[in-house]
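Reviewing the structure listed below.
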2 protein chains.
Amino acid sequence: MPKRVDHEERRARIAEALWRIACARGLDGASLRDVAAEAGISLGQLQHYFASKDEMLVFALEHISDLAARRVGERLGALGGEPSPRDVLLGSVREMLPLDDRSRTGHLVQIAYFVRAVHDERLRGHAKEGVPGLRAFFAGQVREGQLRGEVAGDRDPEAEAALLIALVDGLASYAVLDVWTAEEALGLVSGHLDRLFGVR
Amino acid sequence: MPKRVDHEERRARIAEALWRIACARGLDGASLRDVAAEAGISLGQLQHYFASKDEMLVFALEHISDLAARRVGERLGALGGEPSPRDVLLGSVREMLPLDDRSRTGHLVQIAYFVRAVHDERLRGHAKEGVPGLRAFFAGQVREGQLRGEVAGDRDPEAEAALLIALVDGLASYAVLDVWTAEEALGLVSGHLDRLFGVR
DNA sequence: GCTATAGCAATACAAACGACTTGCGAAATG
DNA sequence: CATTTCGCAAGTCGTTTGTATTGCTATAGC
């Protein structure tokens with residue numbers, strides 16, 4: 001047998017090159033040749049790891065979702081054993097806003113995929129699948145807040161969760177357009193959470 | 001002189017053909033030939049009215065913004081002389097959600113432009129310019145609500161306006177992905193407005 | 001009625017695209 | 001040491017892209 005290389009590691013490297021291009025010029029502006037050049041490899045080598053462009057796009061999307069999920073997990077894990085629901089929600093939200101360059105890149109990539117997902121059935125599945133889980137998680141935190149008496153009992157946890165997701169997403173979208181900064185966006189969500197958690 | 005045709009009317013027709021394609025397949029999937037075919041004209045004729053593809057895209061964006069602004073204006077005008085701030089806000093929001101097919105098409109087009117705006121300086125200007133005006137308008141309505149005693153005095157009108165814009169935008173984005181329906185989205189914003197306007 | 005010109009069709013063209021094929025070197029196995 | 005198979009480079013293919021060019025037709029003005 002000839003030499004073996006770590007396929008997954010190579011594919012990850014290529015995916016990261018794709019993100020850099022998608023961030024700078026958009027997903028549709030990323031040709032296979034561009035990605036190969038950005039990754040510092042030949043077109044032939046890229047095609048050795050991805051049989052088609054579509055395969056590359058799907059892999060890159062799954063890869064970035066994994067990384068984002070892991071980042072949120074780490075942040076929440078750092079909160080300690082018994083964190084307050086408000087801190088959990090604010091920590092999650094903080095990870096969903098383009099507060100630093102890396103996160104901003106992630107957002108630009110996510111937006112690039114979002115537009116494609118609108119017209120591409122397969123990608124739409126990927127883009128949608130994370131929402132119910134996130135919504136359930138947020139709703140659980142709201143419910144926990146109600147148990148602790150920090151959230152009014154007449155609030156619908158499922159509705160509040162959806163509101164929070166949509167709100168953060170909208171704030172983040174305008175933040176990447178420089179309509180307002182990510183810090184201002186964070187302040188706005190924080191105010192929203194203040195209201196939800198009875199601090200007046 | 002030879003015969004003369006109404007250039008603006010032809011350009012508007014071409015722009016509408018572009019929207020139909022952008023709605024179905026995205027902006028990047030719309031070639032000049034596709035647009036010409038959709039408009040029922042030849043490529044040569046299309047080029048007669050738009051010297052370059054970029055010129056066509058910019059015109060189509062400005063045209064759809066004009067139409068959307070006029071729709072909102074009509075809806076608010078139909079509210080009568082002294083409408084309540086809550087009704088004004090809900091009416092505006094209703095126009096910003098993809099509740100019918102025409103509105104959904106408008107949203108898909110807007111999304112297509114949004115992604116392009118992230119990477120295109122000129123389009124970004126167009127995409128951003130409408131927000132401050134809308135925010136000021138919403139903030140004015142919140143302030144009016146405070147004067148009428150319907151909104152708590154410690155709410156920051158500017159912040160509430162930004163929250164509402166971002167919230168509606170996020171809800172609308174997920175609505176076009178079919179994560180939830182536009183009707184559910186409307187119900188969620190309505191609940192948000194209930195809270196803002198002291199109905200508990 | 002001649003002419004200038006707007007309107008428009010048809011075609012050409014270079015560039016770039018994704019996909020595919022071929023071929024060679026290297027290395028681990030037998 | 002031979003052989004097999006992976007890793008990869010280079011080139012080619014047909015298609016599609018935006019733009020440019022050419023030329024015909026009809027009409028308004030002189």
Side-chain angles (χ1 to χ4, degrees), chain A residues 1-22 24-61 112-113 115-117 119-123, chain B residues 1-22 24-61 112-113 115-117 119-123:
Chain A
M1 299 280 175
K3 71 167 171 181
R4 307 295 300 253
V5 297
D6 185 342
H7 268 237
E8 284 308 298
E9 190 268 344
R10 297 294 180 96
R11 286 161 75 99
R13 254 181 218 295
I14 293 170
E16 285 155 24
L18 171 61
W19 300 341
R20 286 194 293 273
I21 294 180
R25 286 180 284 144
L27 256 190
D28 294 278
S31 73
L32 291 179
R33 287 165 179 84
D34 290 337
V35 176
E38 176 68 33
I41 62 178
S42 73
L43 173 61
Q45 188 173 354
L46 189 151
Q47 291 185 306
H48 183 69
Y49 291 105
F50 294 105
S52 72
K53 184 177 185 176
D54 226 57
E55 192 183 319
M56 180 184 71
L57 291 174
V58 170
F59 175 87
L61 176 58
Y113 275 106
V115 179
R116 193 166 273 243
H119 306 286
D120 184 315
E121 196 172 342
R122 186 148 40 116
L123 284 184
Chain B
M1 298 283 175
K3 71 168 170 181
R4 308 296 300 253
V5 297
D6 184 342
H7 269 236
E8 285 307 298
E9 190 267 344
R10 297 291 181 97
R11 285 161 74 99
R13 255 182 218 294
I14 293 169
E16 285 155 23
L18 171 60
W19 301 339
R20 286 195 293 275
I21 294 179
R25 287 180 283 140
L27 255 192
D28 295 277
S31 73
L32 292 179
R33 286 163 180 83
D34 290 336
V35 176
E38 176 69 33
I41 62 177
S42 72
L43 173 60
Q45 189 172 352
L46 190 150
Q47 289 184 294
H48 185 69
Y49 291 105
F50 293 105
S52 71
K53 184 177 185 176
D54 225 58
E55 192 183 320
M56 179 184 72
L57 291 174
V58 170
F59 175 87
L61 175 58
Y113 275 106
V115 178
R116 195 166 272 244
H119 307 286
D120 185 315
E121 196 172 342
R122 185 150 38 121
L123 285 184

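Just so we're on the same page: letters track the sequence lines, and every chain starts at 1.
- Atom pair Met56(A):CE and dG18(C):C1' shows a separation of 10 Å (rounding to whole Å applied).
- Taking the charged nitrogens against the carboxylate oxygens, Glu8(B) and Arg11(B) do have a contact shorter than 4.0 Å, which makes a salt bridge.
- In this structure, Glu55(B) places its CD atom 15 Å from P of dG18(D), rounding to the nearest Å.
- The CD1 atom of Ile21(B) lies 12.5 Å from the CG atom of Asp28(B); values are rounded to the nearest 0.5 Å.
- The separation between Leu27(B) atom CG and dT17(D) atom P is 14 Å, rounded to whole Å.
- The aromatic rings of Phe50(A) and Phe59(A) sit tilted relative to each other, their planes meeting at an angle between 30° and 60°.
- For the atom pair CD of Gln47(A) and CD of Glu55(A), the computed distance is 11.5 Å after rounding to the nearest 0.5 Å.
- In terms of phosphate contacts, His7(A) brings a side-chain nitrogen or oxygen within less than 4.0 Å of OP1 or OP2 of dG7(D).
- To the nearest 0.5 Å, atoms CG (Leu27(A)) and CH2 (Trp19(A)) are separated by 12.0 Å.
- Here the CD1 atom belonging to Ile14(A) is positioned 4.5 Å from the CG atom belonging to Leu46(A), to the nearest 0.5 angstrom.
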Identify each atom pair where a protein N or O and an N or O of nucleotides 22-24 of chain C are less than 3.5 Å apart, giving names and distance.
none

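- Ion pairing of Glu9(A) with Arg13(A) is present here, as a side-chain N (NZ or NE/NH1/NH2) and a carboxylate O approach within less than 4.0 Å.
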May I have the step-by-step check of side-chain contact (heavy atoms from CB on, under 4.5 Å) for Ile41(B) and Arg10(B), ending in yes or no?
-> CA-CA 10 Å; Ile41(B) 62 177; Arg10(B) 297 291 181 97; over 6 Å; no
Distances for protein N/O vs nucleotides 8-10 of chain C N/O pairs under 3.5 angstrom?
residue : atom : partner  : partner atom : Å
dC8(C)  : OP1  : Arg10(B) : NH1          : 3.1
dC8(C)  : OP2  : Arg10(B) : NH1          : 3.3
dC8(C)  : OP2  : Tyr49(B) : OH           : 2.3
dA9(C)  : OP2  : Ser42(B) : OG           : 2.3
dA9(C)  : OP2  : Gln45(B) : OE1          : 3.1

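- In this structure, CG of Asp28(A) is placed 14 Å from C1' of dG18(C), rounded to the nearest angstrom.
- Here Asp120(B) contributes atom CG and Leu61(B) contributes atom CG; the two are 10.0 Å apart, rounded to the nearest 0.5 Å.
- Regarding contacts with the backbone of dC17(C), a side-chain N or O of Ser31(A) is found under 4.0 angstrom from either OP1 or OP2.
- Recorded end-axis angle for the helix from dG1(C)-dC30(D) to dG30(C)-dC1(D) stands at 0°, based on five pairs per end and rounded to 10 degrees.
- Arg33(A) places its CZ atom 11 Å from the C1' atom of dC13(D), with the value rounded to the nearest Å.
- In this structure, the NZ atom of Lys53(B) is 8 Å from the C1' atom of dT17(D), given to the nearest Å.
- Base contact: Leu32(B) has a heavy atom under 4.0 Å from a base atom.
- Whole-Å rounding puts the Asp34(A) CG to dG18(C) C1' distance at 13 Å.
- In this structure a side-chain-to-backbone donor-acceptor pair under 3.5 Å is present from Tyr113(A) to Leu57(A).
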